[in-house]
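FYI, side chains are in, hydrogens and waters are out, and symmetry mates aren't considered; it's all heavy atoms of this structure.
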Number of protein chains: 2
Amino acid sequence: MALQSTACKTCSLNPLCLPVSLSFADIEKLDEIIKRGRPIQKGEHLFHQGDAFTSVYAVRTGTLKTYTLTKDGEEQITGFHLASEMIGLSSYDVATYQASAKALETTNVCEIPVALLDELSNQLPDLRRQIMRIMGREIREDQQMMMLLSKKSAEERVASFLLSLAHRFKRRGYSERMFRLTMSRSDMANFLGLAVETVSRVFTRFQHQELISFGGNAKEIHVLQHGELCNIASLSDAERLELGLLDLTNS
Amino acid sequence: MALQSTACKTCSLNPLCLPVSLSFADIEKLDEIIKRGRPIQKGEHLFHQGDAFTSVYAVRTGTLKTYTLTKDGEEQITGFHLASEMIGLSSYDVATYQASAKALETTNVCEIPVALLDELSNQLPDLRRQIMRIMGREIREDQQMMMLLSKKSAEERVASFLLSLAHRFKRRGYSERMFRLTMSRSDMANFLGLAVETVSRVFTRFQHQELISFGGNAKEIHVLQHGELCNIASLSDAERLELGLLDLTNS
DNA sequence: CGTAGACTTGACGCCTCTCAACGTTAGTGG
DNA sequence: CCACTAACGTTGAGAGGCGTCAAGTCTACG
């Protein structure tokens, strides 16, 4: 497991994270405004919905979930966030966080005060562009999620979810065929718009078809037949593109 | 019906649109890069998914829908866009449009070449912030849509949709109690993740309960009981906030 | 005036939710 | 180290909301 440095310029994640496309000098300026605090324990909150919006965060190690509250106090999970992913940008136009962020395991984050980030993006056009790229990507991901929620069956949703995780782990240098599901079944179900029982049933069906298997506990998953899982997921071109499965050579 | 000017500085929409919070001088600079072409006819495309990403657009009059294509060639509508709303920003980090945009009626747009907008946002921090605000809001709207799609019943979805439209018309100076549904039942169903028949059935039920009524054709809707519709929609706090229904005085 | 598309209405079936019971894991304290 | 317990996960049975199919009605446009 790669140890992430405490400075962007030496951090193994910087090709995936905010510093992408920044010059060495610019990364140093960015480093100056970033705060790296103590780790957050599992179950602990990074911020709560309604807190004053002071900082955005980049995940250094671990996983977080972000969620909003429905009318009756249930949570609606809006995303799971792995190393190098940014949290909080969607609150940019309001004074308070519009979601809560909770650690699913022990997690380290880089805190970036928005006031300073805002100031710095006036000076560094590349940084500004990178922030806008990240926001643009998030919009597209959310829209793919909308497609998943409005058009896909339970099996398609679970398969898509697993492929998305696999791809994100791969990009970070981990195995795409074996990884830990740090979120509970209930969290997955919530995120995918399904009942816990349905998620569980799909997992058992996938195991019987020998598409996946679980090691020891129900957390560690092995993806046995990546290709078949892709078929089941009925991915759109947009999703294939995001997962790096689309051949860009065809017109 | 208010006629929108062909310059931002005199446009009645500018308090809702990109120029928000720009100084008079800055608006003039923005005006210089905006192109205002001929109207787009109903059914015509503003751009297609896959076209080179050259410009973002602000709707001046009319309505557009944006959509992506699913694996089997069906469209998945990602949004309806009324006057003053921006289109195309979600493609900011890629070379091609990630969605298609099609006019639902005769529509006028302001075209803003991204190269120039990008350049100008280096010079005008307020413009940059406004763009990021718009993107942040879009992310939150998409996440509310995800909640609608994963948690709400057919009646809740339709009620929420009508309230959203009503609110947006109101903000633009039109009646919130009577407006034209420029999109087809099929478009609404697609957007809301429902079958056309279900949308139609919900409309008849709402009519029997005298919550709404239709004038003449099936396009012009009257909202008879706004409050009751709010109850049916089971709006989250985030949605109430967006619709201006939340009392911010309580802690 | 005729036709195509949009909209409505009804009947039926299926996918997924709900409810309930049971098995398993992890964390706690003795 | 083990017993205990609460949270998590799995499995089954039953029900209901919504999708699908089909037919009929209405509207718009040539």
- Looking at every strand, decide which applies to A:K151 at a 4.0 Å heavy-atom threshold: base, sugar-phosphate, or nothing. nothing
- Task: Would you mind reading off the distance between A:L104 atom CG and D:dC8 atom C1', rounded to a whole angstrom?
- Result: 14 Å
- Message: Looking at every heavy atom in both A:M135 and B:G136, which two are closest together, and how far apart are they?
- Response: CE-N, 3.4 Å
- Query: Bend angle of the helix from C:dC1-D:dG30 to C:dG30-D:dC1 from five-pair axes at both ends, rounded to 10°?
  - Reply: 50°
- Item | Gap between atoms NZ and P, on A:K219 and D:dC8 respectively (whole Å) | 8 Å
- Separation of A:L181 atom CG from D:dG9 atom C1', in whole Å? 13 Å
- Nearest-Å distance, CG (A:N190) to P (D:dG9)? 13 Å
- Just checking B:S200: base, sugar-phosphate only, or nothing, at a heavy-atom cut-off of under 4.0 Å? base
- Task: Go through residues 154-166 of chain A and report each residue with a non-hydrogen atom lying under 4.0 Å from DNA chain C, sorted by number.
- Result: A:A154
- Just jot down the side-chain contact (heavy atoms from CB on, under 4.5 Å) partners of B:D142, sequence neighbours excluded, or say none. A:I139, A:D142, A:Q143, A:M146, B:E138
- Query: Counting distance only, does the side-chain N/O of A:N190 pair as donor-acceptor with the main-chain N or O of A:E75 below 3.5 Å?
  - Reply: yes
- Please determine, by modelled atom types, if A:K152 and A:S160 share a side-chain donor-acceptor pair under 3.5 angstrom. yes
- Once each nucleotide of nucleotides 21-30 of chain D is scored for protein heavy atoms under 4.0 Å, what B/S/- sequence comes out, 5' to 3'? BB-----S--
- Are A:R137 and A:E85 within salt-bridge range, i.e. N to O under 4.0 Å? no
- Item | Backbone of A:S55 reached by a side-chain donor or acceptor of A:Y97 within 3.5 Å | yes
- Item | Length of the line joining B:L192:CG and D:dC18:P, which is rounded to integer Å | 12 Å
- Task: Kindly point out which of D:dT10, D:dT20, D:dC18 is positioned nearest to the side chain of B:A195?
- Result: D:dT20
Give the table of side-chain donor-acceptor pairs shorter than 3.5 Å for residues 203-220 of chain B, with sequence neighbours excluded, one pair per line with atom names and distance.
{"residue": "B:T204", "atom": "OG1", "partner": "B:S200", "partner atom": "O", "Å": "2.7"}
{"residue": "B:T204", "atom": "OG1", "partner": "B:R201", "partner atom": "O", "Å": "3.0"}
{"residue": "B:R205", "atom": "NH1", "partner": "B:E155", "partner atom": "OE2", "Å": "2.5"}
{"residue": "B:N217", "atom": "OD1", "partner": "B:K219", "partner atom": "N", "Å": "3.1"}
{"residue": "B:N217", "atom": "OD1", "partner": "B:E220", "partner atom": "N", "Å": "3.3"}
{"residue": "B:K219", "atom": "NZ", "partner": "B:M183", "partner atom": "O", "Å": "3.3"}

- OP1 or OP2 of D:dT10 under 4.0 Å from side-chain N/O of A:T204: no
- Task: For this output row, return yes or no: ring centroids of B:F191 and B:F80 closer than 6.0 angstrom.
- Result: yes
- Task: Could you please spell out the steps behind the side-chain hydrogen bond (donor to acceptor under 3.5 Å, both in side chains) verdict for B:S100 and B:H45?
- Result: CA-CA 7 Å; B:S100 302; B:H45 276 86; 4.9 Å; no
- Does a side chain donor of either A:Q76 or A:T68 reach within less than 3.5 Å of an acceptor in the other side chain? no
- Message: Reading DNA chain C in the 5' to 3' direction, which nucleotide is the first one with an atom under 4.0 Å from a heavy atom of chain B, and which is the last?
- Response: C:dC7 to C:dA11
- Minimum side-chain heavy-atom gap A:L69-A:E74 below 4.5 Å: no
